Amino acid sequence: MTAKKSAKKLTSGKLPQSKPYEEGKWAAEFTRGKGERRNWLMKSEPDVFSFDDLIAAKNKTTHWDGVRNTGARNFLRDGLKRGDRVFFYHSNAEPSAIVGICEVVKEGYADSSAFDPKSDYYDAASDAAHPTWFMVDVKAIDRLKRPVTLPEIKASVALANMALVRVSRLAVVPVTDTEWDIVVEMSRQG
DNA sequence: GCCAACGTTGGC
DNA sequence: GCCAACGTTGGC
């Protein structure tokens, strides 16, 4: 899949600097107890790659490539672990909504689209020996019984602190266990 | 299509 | 290293 269709021009000549996680805003997302499973949300524009496309893909699995934002990159490289659960979110959609559940089946590895000069996601600064950009493989597990829309999420007091709402423009964001359960419960109730 | 939020770039 | 200009995301 590709995260979105618009071509990117990436001309940075060096690896983006990022602060050590323990100092960063998302520090807690990079540590976990033994055997702990975390939850995430990943955004895709359905016109480009929808949850139906993932269901139709071989093994219901895709490389989640094309993410070109250092915050999201850090999550892909170091945050998402095999077995973590992921909400599949349709962005720029009518309406934007969480539509399905996936599982991480392969942890962060080099995003090869950055190496392909013909790709919209080509980045001359990233090479195989020292990749700048990373991707994971996700597998579709379940479609939600019904989509849980962004307006609903915003209207929910219990979900007011979701990273999805608090920090827009991040293609990969963490989801707490509580938030996960609330969203799933909402999807079960008409 | 507009624009707010915010990340990135580059001049100094 | 600061910060203004610029670019991108994505809701509306």
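Note that the structure is predicted; figures quoted are calculated from it, not measured. Proteins get letters first, then strands, A, B, ... in listed order; numbering begins at 1 in each.
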- prompt: Rounding to a whole Å, what distance do you find between Met42(A):CE and dT9(C):C1'?
  reply: 16 Å

Tyr89(A) side-chain N/O to dG11(C) phosphate OP1/OP2 under 4.0 Å: yes

Rounded interatomic separation in angstrom, taking CG from Leu170(A) and C1' from dA4(B): 16 Å

- prompt: Is the phosphate of dG11(C), meaning OP1 or OP2, less than 4.0 Å from a side-chain N or O of Ser91(A)?
  reply: no

- request: Could you state the atom-to-atom distance from CD of Glu45(A) to P of dG11(C) in whole Å?
  value: 9 Å

task: Just compare dC6(B), dT8(B), dC12(C) and give me whichever is closest to any side-chain atom of Arg169(A).
output: dC6(B)

- line: Rounded to the nearest 0.5 angstrom, the CG-CZ distance for Leu159(A) and Arg166(A) is 12.0 Å

message: I need the NE2-P distance between His90(A) and dG10(C), as an integer number of Å.
response: 14 Å

message: Distance check needed: dA5(B) C1' versus Leu164(A) CG, whole Å only.
response: 15 Å

task: Decide ring-ring contact (aromatic ring centres under 6.0 Å, His included) for Trp64(A) and Phe88(A); before the verdict, give the C-alpha distance in whole Å, the side-chain angles of both, and the deciding distance to 0.1 Å.
output: CA-CA 11 Å; Trp64(A) 201 291; Phe88(A) 194 114; 5.2 Å; yes

field: Ring geometry between His63(A) and Tyr109(A) (parallel below 30°, tilted from 30 to 60°, perpendicular above 60°)
entry: perpendicular

For atom CZ of Arg68(A) and atom P of dG7(B), their distance in whole Å: 18 Å

statement: When rounded to the nearest 0.5 Å, the distance separating CD of Glu29(A) from CZ of Arg38(A) is 5.5 Å

task: Calculate the interatomic distance between Asn92(A) atom CG and dC3(B) atom P; express it in whole Å.
output: 17 Å

message: Looking only at the side chain of Lys43(A) (C-beta and beyond, no hydrogens), which of the listed nucleotides dG7(B), dG11(C), dG10(C) gets closest?
response: dG10(C)

- prompt: Quick one: Asp47(A) CG to dG11(C) P, roughly how many Å, whole number?
  reply: 13 Å

